[in-house]
Structure formats: structure tokens, C-alpha cells
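The structure under discussion appears below in the form of C-alpha cells.
This structure is a prediction, so every number in the text was calculated from the model and none was measured. First the proteins, then the strands, lettered A, B, ... as listed; each starts at 1. Because only heavy atoms are used, hydrogens play no part in the values below, and waters and symmetry mates are left out as well, while side chains stay in.
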Amino acid sequence: MSASPNLSHPQRTASPPRLHRLRRELFASPLDGLITIALVASLAAAATGFLHWATTQARWAVIQANSNLFAIGRYPIEQQWRLWLLVTLLAAATGLSWGLLRAWPRADRRGSAWPPNDTIAAALLTAISFYVPLALHAQAGIQMRWWAITALLLLVRAAAGRWGPLVPRQLRPLLALLWPVLYLIGMVLISGGLGLMPVPPAEWGGLLLTLVEASFAILLCFPLGVLLALGRRSALPLLRWGSVVYIEFIRGAPLITLLFLGQNILGFLLPGGLAPDRVWRAAWVLTFFAAAYVAEAVRSGLAALPPGQLEAARSLGLNLPQSLMHVVLPQALRVALPATVGQFITLLQDTTLLSLIGLLDLLGVARTVMANPAFLGRNAEVYLVLAILFWCCCAALGLGSRALEHRLNPNTVALNTSAHKA
Amino acid sequence: MTTPLMIEARGVEKWYPNGFQALRGADLSVHQGEVVVIMGPSGSGKSTFIRTFNGLEDFQKGSIVVDGITLSDDVRQIDAIRREVGMVFQQFNLFPHLTVLENVALAPVLVRRRPKAEVQQQALELLDRVGIQHQAHKYPGQLSGGQQQRVAIARSLCMEPRIMLFDEPTSALDPEMVQEVLAVMQELARDGMTMVVVSHEVRFARQVASRVALMADGQVVEVAPPEQFFTAPGHERSRQFLSQIG
């Protein structure tokens with residue numbers, strides 16, 4: 001059988017070209033075919049084994065009975081409406097940002113208000129929000145809330161995509177303020193104050209605590225890391241050597257020792273009130289730790305920049321801060337973005353170490369659940385759910401980073417427009 | 001000469017940190033409205049010399065006065081000089097993350113604190129003048145080398161400098177693009193801009209230069225009007241150089 005007519009006229013063949021390409025790639029030679037079959041067989045065996053375990057042997061009651069604990073730890077029940085409000089706000093803000101991102105394509109690019117990928121994302125989101133509360137045997141009221149929140153997200157997304165272009169250009173930079181403001185509102189909702197009943201950090205737990213610690217450290221370690229990277233390249237010897245010593249000291253120490261150290265000495269080092277308890281001390285240690293790694297990522301971005309860029313900026317009369325803000329950092333941070341987000345993802349996973357200093361983060365909660373005699377031997381179920389939760393958070397970070405990278409990169413312009421024409 | 005002195009460099013000596021002496025007492029005076037083309041073999045210190053004029057390179061001995069301001073270590077003095085002196089580089093050094101228009105309009109808004117709309121209007125006029133009017137919203141990476149260099153010239157001009165420095169502006173260009181950049185520079189010279197140009201373009205030097213300076217071994221060995229420099233060079237090194245470039 002000859003394949004050449006199919007290759008030259010793929011549209012005339014009986015088998016679709018994609019199937020044909022698959023056959024060419026997977027069964028090019030007898031050996032290739034053998035490897036393909038062996039791999040498919042072992043994958044199928046593993047998948048069947050897993051499905052068999054998940055449906056017949058695994059006992060998911062350990063997750064169903066403790067879903068609240070995994071989500072928010074021992075957060076007081078009568079105050080949980082604050083977290084529902086926060087999730088609702090987050091969903092609305094996500095929908096708004098998502099829709100406006102599509103509605104305001106960059107001046108030099110053509111964009112579609114609802115590209116095919118968004119349909120897939122919306123369908124996936126709907127399926128998850130429909131299925132997960134059902135699988136967890138959540139109460140009807142709670143199921144309804146999740147569905148309503150998902151519907152809100154998608155509705156806001158659609159509305160923002162539809163009417164976003166009508167927003168005047170001058171108001172658009174305000175979107176950048178949305179998330180910092182929301183973060184502050186979220187912290188107030190979680191911890192109380194301003195008329196809300198205070199909920200001490202010791203009562204936060206599970207995914208809530210993990211996300212609070214990680215987001216706090218991610219938000220603060222970034223500016224700190226940029227300053228350290230600039231300090232490392234500074235002409236002032238004291239600043240330069242101070243940055244080098246700090247970065248190398250932090251990078252030379254395991255996080256867990258710094259976490260224990262921080263619990264003991266941070267109370268003396270930071271001004272009173274900044275690290276009042278173990279949760280905030282741990283958050284500061286994570287921040288200071290990640291900043292050293294972010295600094296190295298940013299330094300690689302700075303090193304990738306041709307020296308002519310700074311020379312051109314200075315020759316035009318820009319002073320050093322102006323040159324950094326408008327010429328050097330926008331380019332260096334774009335180059336450093338993938339490595340920096342990689343650092344954020346590591347940071348998120350490093351929060352599991354908090355369980356070792358006695359905090360009830362996701363892993364800490366999991367350990368208490370597994371220690372419960374009622375759920376003895378259910379470790380596999382618990383760890384699997386933990387892995388999925390972390391994977392979802394990290395995937396979200398990665399997706400956001402890639403979208404940002406694409407938007408900031410002037411070199412994708414040609415590619416992008418040709419892709420839309422095709 | 002009766003026109004005022006714009007650049008006066010006296011006995012400039014520079015050592016690089018590795019101990020290499022790039023400038024060994026270089027002198028040059030440039031009067032208002034003059035176009036001085038600096039030529040010389042590679043490694044003679046031409047680029048280093050022109051880069052000392054706006055403080056991109058420091059120097060250890062000698063003195064440089066630009067537009068009445070003495071160059072020193074004082075950062076404010078250097079910034080003051082840079083506001084009045086435009087510089088065009090061999091590698092263009094456009095900002096790749098900004099559009100052509102943003103490249104041109106950035107410095108006047110930030111440094112001179114002029115209204116953005118007004119600066120953008122002026123930037124469009126300058127782009128028109130260098131023949132890039134239809135590419136204002138493209139990014140530098142989408143332009144040819146010759147177009148990028150013309151944008152770089154417009155970017156410097158938007159600061160309304162009193163002096164323009166050109167550091168080998170056509171050396172990184174494909175041959176067919178050299179002429180479009182030289183034409184812009186020639187027009188600039190006709191309008192009376194004070195210019196110092198490091199270049200190997202003999203035709204440009206013959207047609208546009210007020211005077212040609214020859215550098216060798218970190219010194220300016222001869223300064224002469226072009227017709228004299230190219231037909232009857234006074235210095236042995238000039239004769240040597242001219243015979244090498246044919």
C-alpha cells in the first residue's frame with residue numbers, strides 16, 4: 001500500500017488527514033509500531049488499574065466528610081458567609097478581567113471577543129462546578145451556591161466581553177487596581193476588623209490558609225526580588241554586597257530551617273505587629289525566602305538586556321529611575337517572567353512545609369484527617385485529592401503567566417495576526 | 001570662527017579598567033552649525049571619544065566643555081548635557097517594547113514634562129520628516145534597519161537637541177539602506193544642526209562635512225576641511241589611512 005497519493009492530496013483521501021498523520025507518526029516503521037503498542041498497552045493497564053481502585057476499592061467518605069476542613073480548616077461556621085462573599089467577589093473579578101482582556105486586544109493586534117479556547121474553558125468550568133459538589137455529596141444549598149457562583153463568573157465574562165469595548169480608554173488602567181483592592185478586601189473579610197468579628201489566623205486552615213500564605217508571599221516577594229536584583233547590579237558597593245550576601249545566604253539554607261528559625265527570631269527582627277503569630281511569621285519567611293530566588297530570575301532578565309538600551313535611555317536625558325521604570329524593567333521582567341512564575345509555583349508547593357511547623361495548611365489538615373481512627377488507611381485518597389488541588393492552583397498560575405507573556409511580547413505580533421488570518 | 005564653540009575637548013585621556021589606554025590626549029573643537037566627521041582605523045578610539053561627549057564614557061585626564069557646561073562626575077551636570085545632546089548609535093538601540101511613536105515621544109514627556117498630546121503631534125511630524133509616517137504604531141522589530149535608524153534619529157530630534165552625535169550610524173546597515181539614513185543626516189546638516197559623526201562614509205564626509213578629523217592611537221592627528229583632507233592630507237597617518245580605504 002502506497003501512502004504517497006494521500007500525502008499530496010490530503011483533502012481527497014477517505015481517511016481524515018489528522019488520522020493519517022497520526023498513523024505516519026506512530027507507525028512509521030515496525031519498531032515504531034511496536035513501541036507505540038507497548039506504550040498504549042501499559043498506559044491502558046495503568047488507567048484501568050487506577051479506575052478499578054478509584055471505583056471499587058477507594059473509600060471517598062474521607063474526602064466527603066472532611067471537605068469543609070480541607071477547604072477552610074476550623075474557620076467558625078457562623079462567619080463562613082464572609083468566605084462565600086469573597087469567593088463570589090473573586091468569581092466576578094475573574095469574569096471581568098477575563099472578558100476585558102478579550103474585549104481590549106492590544107492596539108496592534110486583532111482579537112476575537114470569544115475565541116474557541118474560551119468555550120473549552122467555560123465548558124470545563126461548568127462541568128467541574130456541576131460535578132465536584134455532587135461527588136462530594138455537598139448539601140443542596142451549597143451545591144446551588146457553587147452553581148450560582150460559576151454562572152455569575154461566566155455571565156460577567158460574557159458581559160465584559162460584549163460591552164468592554166464601550167469603556168473609555170482613559171478608564172482602562174483602573175482595571176489594574178481591581179486585584180490589589182480586592183486583595184485588601186479579601187484580607188479584611190478573612191481576618192475580620194472594620195466592624196467584622198475578628199477570626200484569628202490560628203483558626204484558618206486548609207486551602208484557605210495555603211492560599212493566604214502563598215498569595216501574601218507571592219505579592220511581596222516580587223517587588224522585594226526586583227529591588228534585590230537591582231541592588232546586586234548597583235554601583236554602590238554596600239548595596240551590591242548587601243544584596244549578594246542576602247541572596248546567597250537565603251539560597252544556601254533549606255526553607256524548613258528558615259521556617260523554624262523564623263518562628264524563633266522574627267518576633268525580634270520585624271517591627272511589632274507585623275509578625276504577631278506563627279501564621280504571619282511563616283508568611284514573612286516564605287516572602288523573604290522566595291525574594292532571593294525571584295531576584296536571581298530577575299537578574300537573568302537584566303543580564304539578557306543589551307547594554308545599549310540603558311545607554312540610549314540615559315542619552316535621551318532620562319535619569320536612572322526613569323530609565324529603569326520605562327526601559328530596563330519592562331523588558332527585563334518580561335524575559336524573567338517564566339522563571340519568576342516558576343518560582344511562584346515552587347513557593348505555592350513549599351507552603352506544605354508549614355505543616356511541619358504545626359500549621360494546618362492543606363497538608364497539615366490532611367495529616368490530622370489521616371490520624372483520625374475513623375479514616376485509618378485512607379492515605380491514598382487524601383494525597384490524591386491534595387495533588388489534584390495543588391495541580392489546579394499551579395495550572396492556573398501557569399495559564400495566567402502564559403497569557404501575560406503573550407500580551408507583553410512584541411515579537412508575537414506577526415505570528416498572532418497570521419494565526420487569525422489562517 | 002565667529003560662531004560659538006559647542007564642544008571643546010582638550011587633552012582627553014581614558015584608561016579602561018583593564019589598564020588599556022583608549023584615549024591619549026585627544027583634542028577637538030566643534031563650532032555651532034559645524035558637521036565634523038571623525039574617521040580613522042578601528043581601535044583608534046573614535047567611538048570612545050564621541051561617547052565621552054555625553055558622559056557615556058568617563059575619562060581620567062583632560063577637560064570637555066559641551067554647550068558651556070563642563071563635564072564632571074556631577075550627575076546633574078551630565079543629565080543637563082544629555083538633555084541638549086542627541087545620540088544615534090550603530091545598533092539603533094530603539095526600545096523594542098514600545099511602538100515607534102512611543103519611542104519618539106517617551107523622553108520629551110518624561111524629561112521635559114511636556115503634554116503628551118503635544119509631544120505626539122511633534123513626534124508624528126518628525127517621523128514624517130524622516131519618512132516613517134505610516135509606521136508610527138508598529139514595533140521596532142517590524143521595521144528594516146534603515147527605517148529603525150531613521151526612527152532613532154527622530155527620537156533624538158524630539159528632544160530638540162543643540163548637538164547631535166552619530167556613532168557609526170550606518171555601519172550595521174545593509175548597503176542598500178545606507179543612503180536613506182545618510183540623506184536624513186544630510187538634510188539635518190543643511191538645517192544647521194551641529195553634528196559630530198563617526199563614520200567610514202567617504203562620500204558623506206566629502207559632501208557634508210565642514211571638517212574631517214582623523215584619529216589614530218587615541219589622538220586626533222589631523223583636522224582639515226574635506227577637500228584638503230582627501231586630496232592633500234597633512235599627516236602621515238592620514239595618508240596611510242586614505243591609502244587603505246582606497
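- Contact record, B:Val111 with A:Leu316: CG2-O, 4.1 Å, taken as the closest heavy-atom pair.
- In terms of heavy atoms, A:Ala312 sits closest to B:Phe95 at CB-CE2, 4.0 Å.
- Within the 4.5 Å cutoff, the side chain of A:Gln331 has heavy atoms near those of the B:Pro96 side chain.
- No more than 12 heavy atoms of other residues, nucleotides or ligands sit less than 6.0 Å from atom CZ of A:Phe249.
- Contacts between B:Leu56 and chain A at a heavy-atom distance below 4.5 Å involve the side chain alone, from C-beta outward.
- B:Leu110 is not listed as a side-chain neighbour of A:Asn319, based on a closest heavy-atom distance of 4.5 Å or more.
- Residue B:Arg162 places its CZ atom among 12 or fewer non-hydrogen atoms of other residues, nucleotides or ligands, all under 6.0 Å distant.
- Interatomic distance, B:Glu57 CD to A:Glu311 CD, rounded to the nearest 0.5 Å: 7.0 Å.
- B:Ile78 does not touch chain A: none of its heavy atoms, backbone or side chain, sits under 4.5 Å away.
- Contacts between B:Arg51 and chain A at a heavy-atom distance below 4.5 Å involve the side chain alone, from C-beta outward.
- Heavy atoms closer than 4.5 Å to chain A are found in the side chain of B:Phe89, but not in its backbone.
- Put simply, the side chain of B:Asp79 never gets that close to the backbone of A:Gly317: no donor and acceptor are under 3.5 Å apart.
- Across B:Arg155, B:Met159, B:Lys138, the residue that shares the most heavy-atom pairs under 4.5 angstrom with chain A is B:Arg155.
- Remark: A:Arg162 CZ is loosely packed, at most 12 non-hydrogen atoms of other residues, nucleotides or ligands lying under 6.0 Å away.
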Query raised in the report: Would A:Arg334 and B:His97 satisfy side chain to side chain contact (heavy atoms under 4.5 Å, CB included), going step by step from the backbone distance to the final call?
Result: CA-CA 10 Å; A:Arg334 183 176 61 72; B:His97 61 300; 5.6 Å; no

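- Counting heavy-atom neighbours within 6.0 Å of A:Leu177 CG, excluding the residue itself, gives a total above 12.
- Using a 4.5 Å cut-off between heavy atoms, B:Val85 contacts chain A through its backbone alone, with no side-chain atom that close.
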